[in-house]
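Written below as structure tokens is the structure these notes are about.
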Amino acid sequence: MRTAHINTRRHHPTGITFVVPFDGAQRTVTALNRAREFADALGEDIIVVSVIPQHNAAYARERGWLPAGEPFDMKTIVTTLRDQVTDIAPDATFEYERCSRSVTGNRIAKPVRKVAKRNDADMVFVGSDDAGRLTTTASSVGNRIATDGSYDVVLVRSD
């Protein structure tokens, strides 16, 4: 897996860091908006992480990362995601991780947990379409992110 860091991280005396998994879906947009509100109010950092399955053009097209019919292009996908993040949270640091082509909840959640640990995250903001069932659904990415006790998890209901 490869990580790319885009933007420069701000450093504040309290050192609180918020991490937001982001794929452009409304629930992740809502989670990023909420994390931005907290970060702005507290003057703290946000790290946004997107997990991109390698060479999976169909997955990328389904999420709007690539136009219909376009072949897999990592640069286009990263630019699309980075631009979406910048529109919502201009001061956030954007990172992406690659995972294998086949997509499972754990293949998406594991890199998010790694980024959260590497950056000593205090809170991970996870968007949910159904916050009531999110933590009890075994296949949920959010459930897999919540298994790590080194940070708090904030479930954010979609608008």
Side-chain angles (χ1 to χ4, degrees), residues 1-54 59-60 63-66 74-99 103 105-137 140-159:
M1 285 187 221
R2 182 176 164 261
T3 302
H5 304 277
I6 301 168
N7 291 345
T8 304
R9 194 168 168 206
R10 301 172 297 162
H11 295 284
H12 297 285
T14 56
I16 295 173
T17 300
F18 304 129
V19 170
V20 183
F22 185 85
D23 67 3
Q26 184 57 48
R27 69 184 170 280
T28 65
V29 169
T30 302
L32 180 54
N33 274 314
R34 184 63 43 82
R36 189 202 66 234
E37 291 167 1
F38 274 76
D40 288 350
L42 299 171
E44 300 299 346
D45 296 331
I46 302 174
I47 298 171
V48 179
V49 59
S50 295
V51 180
I52 304 168
Q54 296 186 78
Y59 185 87
R63 276 145 191 80
W65 303 345
L66 288 174
M74 184 62 76
K75 184 176 178 180
T76 299
I77 293 168
V78 169
T79 299
T80 298
L81 288 164
R82 181 184 56 236
D83 289 350
Q84 290 175 340
V85 168
T86 301
D87 287 346
I88 299 163
D91 293 327
T93 298
F94 175 78
E95 298 183 17
Y96 70 95
E97 295 274 343
R98 296 178 189 198
C99 70
V103 180
N106 200 47
R107 286 196 177 127
I108 300 297
K110 188 175 180 180
V112 173
R113 289 191 312 260
K114 267 183 29 182
V115 168
K117 283 187 148 189
R118 181 174 62 233
N119 290 285
D120 199 25
D122 296 282
M123 293 183 187
V124 177
F125 286 73
V126 177
S128 173
D129 291 327
D130 186 0
R133 291 192 316 193
L134 180 66
T135 57
T136 59
T137 305
S140 166
V141 171
N143 181 46
R144 294 167 193 265
I145 291 169
T147 61
D148 194 313
S150 64
Y151 47 78
D152 292 328
V153 175
V154 179
L155 296 178
V156 180
R157 296 179 199 273
S158 291
D159 294 337

Within the 3.5 Å criterion, strictly below it, is a donor on Q26 or T30 matched to an acceptor on the partner's side chain?
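A donor-acceptor contact under 3.5 Å links the two side chains.
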Using side-chain heavy atoms (C-beta onward) and a distance below 4.5 Å, is [X] in contact with [Y]?
{"X": "T86", "Y": "F94", "value": "no"}
{"X": "R36", "Y": "F18", "value": "no"}
{"X": "L81", "Y": "Y96", "value": "no"}

What closest approach, in Å, do [X] and [Y] show between heavy atoms, and which atom pair accounts for it?
{"X": "G127", "Y": "A31", "result": "N-CB, 3.5 Å"}
{"X": "R27", "Y": "S128", "result": "CB-N, 3.8 Å"}
{"X": "A92", "Y": "V85", "result": "CB-CG1, 4.3 Å"}

Does atom CG of D120 have more than 12 heavy-atom neighbours from other groups under 6.0 Å away?
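No.
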Between V112, V51, V29, which is the residue that forms a side-chain contact (heavy atoms from CB on, under 4.5 Å) with F22?
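Filter result, single survivor: V29.
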Can you spot which of V19, T93, L32 makes a side-chain contact (heavy atoms from CB on, under 4.5 Å) with I46?
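Testing each of V19, T93, L32 against I46, the sole residue satisfying side-chain contact (heavy atoms from CB on, under 4.5 Å) is L32.
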[X] side, atom [atom1]; [Y] side, atom [atom2] - distance, nearest 0.5 Å:
{"X": "W65", "Y": "Q84", "atom1": "CH2", "atom2": "CD", "value": "9.5 Å"}
{"X": "I47", "Y": "N119", "atom1": "CD1", "atom2": "CG", "value": "3.0 Å"}
{"X": "Q54", "Y": "E97", "atom1": "CD", "atom2": "CD", "value": "10.5 Å"}

With a 3.5 Å distance limit and no angle check, can you tell me whether D152 reaches the backbone of M123 through a side-chain donor-acceptor pair?
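Answer holds: no.
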Give a yes/no verdict on a cation-pi contact between R63 and Y59, requiring under 6.0 Å between NZ or CZ and the six-membered ring centre and an angle within 45° of the axis.
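Here R63 passes the 6.0 Å and 45° test against Y59.
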Can V20 and T28 be said to form a side chain to side chain contact (heavy atoms under 4.5 Å, CB included), step by step?
CA-CA 8 Å; V20 183; T28 65; 5.6 Å; no
